[in-house]
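Given the structure is predicted, the values throughout are model-derived calculations rather than measurements.
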There are 2 protein chains.
Amino acid sequence: MVEAVANTRASAAYARIREAIIVGRHQPGARLHIQDLSDELQVGPSPIREALNRLVSEGLVSQHDQRGFRVASLDLKDLDDLFDARCWANEAALRASIQRGGRDWEENVVLTLHRLRRAPRLVEVDSGLRGAQWESAHDEFHNALIGACGSTWMQNFCQRTSDAAARYRAISRAALGGQRGDEDEHVAIAEAAIARDEDKAVSLLTNHLRRTRDLVFNSWQR
Amino acid sequence: MVEAVANTRASAAYARIREAIIVGRHQPGARLHIQDLSDELQVGPSPIREALNRLVSEGLVSQHDQRGFRVASLDLKDLDDLFDARCWANEAALRASIQRGGRDWEENVVLTLHRLRRAPRLVEVDSGLRGAQWESAHDEFHNALIGACGSTWMQNFCQRTSDAAARYRAISRAALGGQRGDEDEHVAIAEAAIARDEDKAVSLLTNHLRRTRDLVFNSWQR
DNA sequence: GACGCCAAAAATATCGATGTTATTAATTGA
DNA sequence: TCAATTAATAACATCGATATTTTTGGCGTC
């Protein structure tokens, strides 16, 4: 999902700040002071600013001229906005994948599903590493599902919306103290997809996304 | 589409470089030297680099660590890739708009269509301003069509794919020396949309996009 | 006690300079 | 003449310092 090593300080800073935002370590709406990040990551201001500028176009950071950067904020309206986009994009991409996908696609779906089921769930609340591992496997599985759609543009968009959704999941997880058990849903989606049952697969996937949305919605407070 | 004035040199540089890429003044694959841009825009290297970093996440510029920036390249495979994404995204967004749109949406479609028809076409090959004016009106119309879909995320994605498509159009225009007459297509799409005929509107819009793709495809050479 | 104004402090956006890495040119040996 | 190695050049990534702008805090007035 993101390169472990980077040849440039800006790229390294980009990866780390990005991760921190998605995981929720940098909270929505919080200001991102150049100096603080500079101290934290042990690099000068320039690479930090370059990293932040990349994140701006990615929608993870918002920028106001002369007033610095802050973590893009989240709210219920945006949650529904995002939910719609995810449904539409994933539906189209999944249908195309089912139509166009070959053996390699099927095998990749099976493989990533297996890895997802094997990935450790978040048992204790603060075992960050385990959570990250599961999130990564989860990501891989959903990418595999739409991996044969034939459009990198659409896949990138799905990835981006998925990143945004991960931020909401992190909040909900922090509020509820655990994750829901949705292994069955993933299995069902994979089976329908491989069986080339477009409508069923889409319906299962859409409901899967909706349940995620509802979980976040219900755990929302302030 | 993009703010005319910017309070910061980085934002100003961003807008100008972006425009230059979309219009095709910076050609696909061309290297973007910091120094050159610095001289051209009369600002130091830092704002230029920040601008380029934003464009990287936007997909208009590619970056290779330690090897600088270059204009994102275009090819026929990417054209089809992009075409699929545009069709899927616009179909979903248009359907939602037709279902959810109210009076204000209808009126905006009519208004932007009128402005598009009134906008001067590109008569002479190098009258850049006129072309830009039409491109802008064209953009506004397509945005208006999906303006009531309810998802900013999806609208932003459509905008982004539309920008990429504009780059292909610029190439094809330069090769052919003119634009095709597609006023009728826009009128038909608008009418079907306002008549709330989902399937017809979607079909017209999809064909509209396909014709654009075909035009570019046929004018491709090197 | 609240509002507005002014000064002090902090933070940003930008510059110019420098170390490092890639690219080009020159040179040597086969 | 060409390949490979090395020197020279150019470009990039990064730093540290500075000018501007925003924010904060205090002060006086209504």
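Side chains of B:Asp75 and B:Trp220: no donor on one and acceptor on the other come within 3.5 Å. Between A:Gln159 and A:Asn143, the side chains place a donor N or O and an acceptor N or O closer than 3.5 Å (distance only, hydrogens not considered).
Taking side-chain N and O atoms only, B:Thr8 has a distance below 4.0 Å to OP1 or OP2 of C:dT14. The side chain of A:Arg67 contributes no N or O atom lying less than 4.0 Å from OP1 or OP2 of C:dA13.
Annotation for A:Arg54 and B:Asn53: closest pair NE-OD1, 2.7 Å, computed over non-hydrogen atoms.
Between the side chain of A:Ser97 and the main chain of A:Ile146, a donor-acceptor pair closer than 3.5 Å is present. Formation of a donor-acceptor pair under 3.5 Å by the B:Asp163 side chain with backbone atoms of B:Ile22 is not found in this model.
The CG atom of A:Asp36 sits 7 Å away from the P atom of C:dA11 (whole-angstrom rounding). Here the C1' atom of nucleotide C:dT21 and the CZ atom of B:Phe69 are 15 Å apart, to the nearest Å. Following rounding to the nearest Å, A:His33 (NE2) and C:dA13 (P) show an atom-to-atom distance of 12 Å. Per the geometry, CG belonging to A:Leu52 stands 10 Å off P belonging to C:dT12, to the nearest Å. A straight line from CZ of A:Arg31 to P of C:dA10 spans 14 Å, rounded to a whole angstrom. Between the CD atom of B:Gln35 and the P atom of C:dC15 there is a distance of 12 Å, rounded to whole Å. Summarising the geometry, the separation between CD1 on B:Ile34 and P on C:dT14 is reported as 15 Å, rounded to the nearest angstrom. One interatomic measurement links the two molecules: CZ of B:Arg49 to P of C:dG16, which rounds to 17 Å at whole-angstrom precision.
Of the candidates A:Glu50, A:Glu19, A:Glu58, A:Tyr14 forms a side-chain hydrogen bond (donor to acceptor under 3.5 Å, both in side chains) with just one, namely A:Glu58.
Of all nucleotides in DNA chain D having an atom under 4.0 Å from a heavy atom of chain B, the first and last in 5' to 3' order are D:dA11 to D:dT14.
Judged by the 6.0 Å distance and 45° axis criteria, A:Arg160 is not positioned over the aromatic ring of A:Phe157. Geometrically, B:Arg86 does not engage B:Phe83 in a cation-pi contact defined by less than 6.0 Å to the ring centre and at most 45° from the axis.
Between B:Asp36 and B:Arg31 there is no salt bridge, since no side-chain nitrogen of the basic residue lies less than 4.0 Å from a carboxylate oxygen of the acidic one.
Scanning residues 38-47 of chain A for heavy-atom distances under 4.0 Å to DNA chain D yields A:Val43, A:Gly44, A:Ser46, A:Pro47.
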